[in-house]
Amino acid sequence: MMGLALLPFLLLLSLASTIQGQSIFDVTTYGAKPNTDITQALANAWTEACASTTPSTLLIPKGVYQLSQSNLKGPCKSVPIQVQVEGTLQAPIHTKGDGLVLFSYIDQLILSGSGVFDGQGKSGWEKNNCHKKKICTKLPMNLKFSFVTNSTVKDITSLDSKNFHINLLGCKNVTFQHVTINAPDESPNTDGIHISSSEEIYILDSKIATGDDCVSVGDSNKQVTITNVTCGPGHGISIGSLGKYTKEKDVVGVTVKACKIFNTTNGVRIKTWPDSAVAFMASDMHFEDIEMENVSNPIIIDQEYCPWNQCNRKVPSKIKISNVSFKNIRGTSATPVAVKLVCSKSIPCEGVEVADINLTYSGNRGPIVSECANVMPTITGVQNPQICAKPATIGAPSTD
């Protein structure tokens with residue numbers, strides 16, 4: 001009788017194959033078939049892979065599969081655990097749920113493969129008004145990583161997310177490399193990679209084209225490195241917005257280096273809300289060796305960030321910005337104001353360095369200029385335009 005009771009377990013166990021010491025959990029052996037919903041098959045494969053006592057790989061082979069929200073949760077006995085996606089995973093047309101695939105509480109995750117996470121975002125973009133309203137309906141993202149540590153995401157593609165493509169919360173020591181993100185420039189609130197409450201995050205050698213920030217570094221982050229990222233179209237690479245919510249904390253140590261930004265509404269930017277809900281520091285933020293092509297507002301500190309007039313501009317931002325550098329930034333601006341540094345009237349920026357800026361503007365809206373307020377930067381090397389030659393226009397509309 002005991003043998004009969006164990007039979008279902010043994011049958012399930014046999015669905016995994018072993019190659020060179022790695023257990024392979026192929027979703028097709030759990031009933032997944034192309035052009036069908038594989039949500040349950042993926043859940044079953046994940047349960048077994050996560051419980052494996054040997055290093056394991058969950059494989060989604062080539063093909064197009066439908067998928068509803070999938071929560072792949074640890075902690076796992078299998079260390080490391082790899083999810084290899086070679087096929088295309090299509091989100092539902094509807095706009096319910098938090099995301100397509102949600103990874104949480106996993107150590108040593110490897111997400112890899114040539115596959116695509118397709119959010120089918122067109123059905124949701126017309127309903128996405130979070131860029132206009134403080135209180136709005138949150139639409140599902142493509143990928144969420146919550147409390148994931150010592151992990152790598154490489155080679156995958158995120159396509160047409162309804163909301164953020166990739167969201168990180170409470171993560172530590174996670175690397176994104178050779179990641180591709182694609183959505184049209186008119187897709188609202190589709191940040192490529194959004195980071196919050198995380199530490200030691202590396203975004204390397206990736207291409208991001210979307211309708212919002214290519215990378216947005218939110219609050220409560222430490223040691224974020226963005227290197228060799230191509231960004232455009234989109235809203236550029238941003239730190240912030242900061243100060244909108246009461247539980248936000250310091251941002252310390254962000255490096256953006258060797259990136260190319262083109263056809264975006266902003267370049268590299270730090271943005272904080274006036275009338276901040278909380279006071280904290282944003283420090284050690286460095287932008288270096290950046291190439292701009294047809295970029296509006298290439299270099300910005302905006303402590304009056306107030307899109308769609310959602311705030312009280314008369315109350316200065318309480319976010320203290322310090323130890324910031326913009327170095328070796330070159331290329332073409334799509335707007336005459338190429339460098340704009342607007343700091344808080346009550347807490348001026350400190351330790352701002354601007355060095356070797358060589359930007360040109362060929363439009364018909366006047367000469368290229370730099371405007372500043374409440375900041376006295378250290379200026380060295382090439383200055384094109386002349387840095388802080390004009391006082392900034394206070395209260396000008398913010399761009400998203």
>> Walk me through whether Asp213 and Arg269 qualify under side-chain contact (heavy atoms from CB on, under 4.5 Å).
In response: CA-CA 10 Å; Asp213 294 331; Arg269 175 169 59 156; 3.1 Å; yes

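- For the pair Leu109 and Phe145, the minimum side-chain heavy-atom distance is below 4.5 Å.
- Using a 3.5 Å distance cut-off with no hydrogens or angles, the side chains of Trp125 and Ser187 do not pair a donor with an acceptor.
- At a cut-off of 3.5 Å, with distance as the only test, no side-chain donor of His286 or Thr255 sits close to an acceptor on the other residue.
- Taking the six-membered ring for Trp and thresholds of 30 and 60 degrees, Phe287 and Phe326 have nearly parallel ring planes, at less than 30 degrees apart.
- The minimum heavy-atom distance between Ile156 and Val153, with the atom names listed, is CD1-CG1, 3.6 Å.
- The aromatic rings of Phe147 and Tyr105 sit parallel to each other, their planes meeting at less than 30°, with 60° as the upper class boundary.
- How far OG of Ser112 is from CD of Gln84: 5.0 Å, rounded to the nearest 0.5 Å.
- Separation of atoms CD1 (Ile201) and CG (Leu168) is listed at 5.0 Å; rounding is to 0.5 Å.
- Remark: side-chain polar atoms of Asp302 are paired, donor with acceptor, to backbone N or O of Tyr305 under 3.5 angstrom.
- Looking at heavy atoms from C-beta onward, Ile368 lies in side-chain contact with Leu359 at the 4.5 angstrom threshold.
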> What's the verdict on side-chain contact (heavy atoms from CB on, under 4.5 Å) for Asp205 and Thr227, showing C-alpha distance, side-chain angles and the deciding distance?
Replying inline: CA-CA 7 Å; Asp205 311 318; Thr227 303; 5.7 Å; no

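- Between Gln223 and Glu199, the side chains place no donor N or O within less than 3.5 Å of an acceptor N or O (distance only, hydrogens not considered).
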>> Go through it in stages, so that I can follow the logic: the residues are Ser78 and Ser56, the test is side-chain hydrogen bond (donor to acceptor under 3.5 Å, both in side chains), and I'd like the CA-CA distance, side-chain angles, deciding distance and then a yes or no.
In response: CA-CA 6 Å; Ser78 175; Ser56 61; 2.7 Å; yes

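- With salt bridges taken as basic N to acidic carboxylate O contacts below 4.0 Å, none links Glu304 and Lys271.
- At a cut-off of 3.5 Å, with distance as the only test, no side-chain donor of Thr378 or Glu353 sits close to an acceptor on the other residue.
- A donor-acceptor contact under 3.5 angstrom links the side chains of Thr190 and Thr210, judged on distance only.
- Of the possible polar contacts, one joining the Thr332 side chain to the Asn294 backbone as a donor-acceptor pair under 3.5 Å is found.
- Here Arg330 pairs with Asp289 in a salt bridge; the nearest charged N to carboxylate O distance falls below 4.0 Å.
- A heavy-atom distance below 4.5 Å is not found between the side chains of Val254 and Thr225.
- Put simply, the side chain of Gln386 never gets that close to the backbone of Gln383: no donor and acceptor are under 3.5 Å apart.
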> Going through the checks in order, is the disulfide bond (SG atoms under 2.5 Å apart) test met by Cys231 and Cys259?
Replying inline: CA-CA 8 Å; Cys231 165; Cys259 294; over 6 Å; no

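- Residue Ser197 holds its OG atom at 11.0 Å from NZ of Lys222, rounded to the nearest 0.5 Å.
- Between Cys343 and Cys349, the sulfur-to-sulfur (SG-SG) separation falls under 2.5 Å.
- For the atom pair Asp107 CG and Asn173 CG, the distance stands at 9.0 Å (nearest 0.5 Å).
- Defined by atom type and a distance below 3.5 Å, a donor-acceptor pair is missing between the side-chain atoms of Thr152 and Thr175.
- Under the 4.5 Å side-chain criterion, counting only non-hydrogen atoms from C-beta, Ile203 is in contact with Val215.
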>> side-chain contact (heavy atoms from CB on, under 4.5 Å) for Asp37 and Ser68? Distances and angles first, verdict last.
In response: CA-CA 8 Å; Asp37 189 296; Ser68 295; 3.6 Å; yes

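- Checked by atom type and distance alone, the side chain of Glu86 never pairs as donor or acceptor with a backbone atom of Lys62 at under 3.5 Å.
- Considering only heavy atoms from C-beta on, Arg365 comes within 4.5 Å of Thr335 through its side chain.
- Of the N and O atoms on the side chains of Ser158 and Asn142, at least one donor lies less than 3.5 Å from an acceptor on the other residue.
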> What do the steps show when you test Gln82 against Leu111 for side-chain contact (heavy atoms from CB on, under 4.5 Å), and what is the final call?
Replying inline: CA-CA 6 Å; Gln82 179 167 348; Leu111 174 60; over 6 Å; no

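- Taking CG of Leu139 as the reference point, atom OG of Ser161 lies at 9.0 Å (rounded to 0.5 Å).
- Annotation: the span from Ser52 atom OG to Ile81 atom CD1 amounts to 8.0 Å, rounded to 0.5 Å.
- Side chains of Asn44 and Glu48: a donor-acceptor N/O pair is absent below 3.5 angstrom, by distance only.
- For the pair Ile261 and Val268, the minimum side-chain heavy-atom distance is below 4.5 Å.
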